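Worksheet: one structure, shown below.
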Amino acid sequence: MNSPSPSPATSPEEIQRRKLAAAREALAYVQPGELLGIGSGSTVNIFISLLAERAGDIPAVVAASKASETALTAAGLRVRSMDDVSQLGIYVDGADEIDPRFRMIKGGGAALTREKIIAQAAERFVCIVDASKEVDRLGRFPLPIEIVPPARALVAATVERMGGVVRERAGVVTDNGNLILDVTGLDFGDPEALERNLNQIPGVVCNGVFALRPADVCITAGERVTIRKR
Ligand code: 5RP
């Protein structure tokens, strides 16, 4: 029996088309003369490639990962270090999941800590996703947690007592020199409480629940592009 061919809605080509459509809409949020924040991941990489044509309007960009910094520099944009920036206008980033209140799981690319810092500093967080990232309730995507290496056993045991199943991301060291634990099975009934509770565990640098600082604008590309604001 022949296996069914993938539906056009979910083929890799269609997902790429959707990421491009979402990224293109986000260009409208880039204000000339304003410092811009950029996240990381494949959707953001498409956004960076589109940003090249706006390089003349943008004084500088702060980036959430070394990979994004490299792509931005190649696109002709000036990258500024985040460590002397406490405020910026717009932050554009993707997500691994986003719920109807624009709370997210992020960190699939291991850049969650810098992503959360820039999101917190930004006046407006514009999230760009294809429709596969939309969920009614967070928790299907394994939750990334960045930890300092000596905390591995303690954090794993604590998260397991909270109901999580922990797997260390093999071969990954973050841009900050840390490790990533990917966790399934946690209760996402109250994402803000979960985000706070995980932050309390010694050795946790950052967790991938983005609920206390959700996105402000969500640009979702399915068959059509939808723009929603909080
Ligand atoms: C990286 C992230 C990304 O935003 C997230 O993984 C989505 O990536 P992509 O656009 O490749 O699907 O949080 O840490």
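In this text the structure is predicted, and so the values were computed from the model without any measurement. Numbering of ligands and ligand atoms starts at 1, following listing order.
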Do N207 and E195 have a side chain donor and acceptor closer than 3.5 Å?
no
How about S68 and S65: does a side-chain donor come under 3.5 Å of a side-chain acceptor?
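Yes - a donor-acceptor pair under 3.5 Å links their side chains.
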Give the contacting part of [X] toward ligand 1: side chain, backbone, both or neither, where contact means a heavy-atom distance below 4.0 Å.
X: A110; answer: backbone
X: V129; answer: neither
X: S65; answer: neither

Quick one: nearest non-hydrogen protein atom to [atom], plus distance?
atom: atom 2 (C) of ligand 1; value: E115 OE2, 3.3 Å
atom: atom 8 (O) of ligand 1; value: G41 CA, 4.0 Å
atom: atom 10 (O) of ligand 1; value: T43 OG1, 2.6 Å
atom: atom 3 (C) of ligand 1; value: S40 O, 3.3 Å
atom: atom 4 (O) of ligand 1; value: K106 NZ, 3.0 Å
atom: atom 9 (P) of ligand 1; value: S42 OG, 3.3 Å
atom: atom 12 (O) of ligand 1; value: K133 NZ, 2.6 Å

Could [X] and [Y] be called an ion pair, given the rule that one side-chain N must be under 4.0 Å from one carboxylate O?
X: E97; Y: R103; value: no
X: D96; Y: R140; value: no
X: R18; Y: E14; value: yes
X: D182; Y: R167; value: no

Using modelled atom types only, decide if a donor and an acceptor are shared between the side chain of [X] and the backbone of [Y] within a distance under 3.5 Å.
X: R124; Y: D216; result: no
X: E134; Y: T220; result: no
X: D93; Y: S40; result: yes
X: N178; Y: T174; result: no
X: K116; Y: V209; result: yes

Polar-atom distance check: V44 versus ligand 1, any N or O pair below 3.5 Å?
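No, there is no polar N/O contact under 3.5 Å.
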Just jot down the ligand 1 atoms closer than 4.0 angstrom to any heavy atom of [X], in number order.
X: G109; answer: 1 (C), 6 (O), 14 (O)
X: D93; answer: 4 (O)
X: G107; answer: 2 (C), 13 (O), 14 (O)
X: G94; answer: 4 (O)
X: A111; answer: 14 (O)

Among T174, D96, I180, whose heavy atom sits nearest atom 5 (C) of ligand 1?
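Among T174, D96, I180, the closest heavy atom to atom 5 (C) of ligand 1 belongs to D96.
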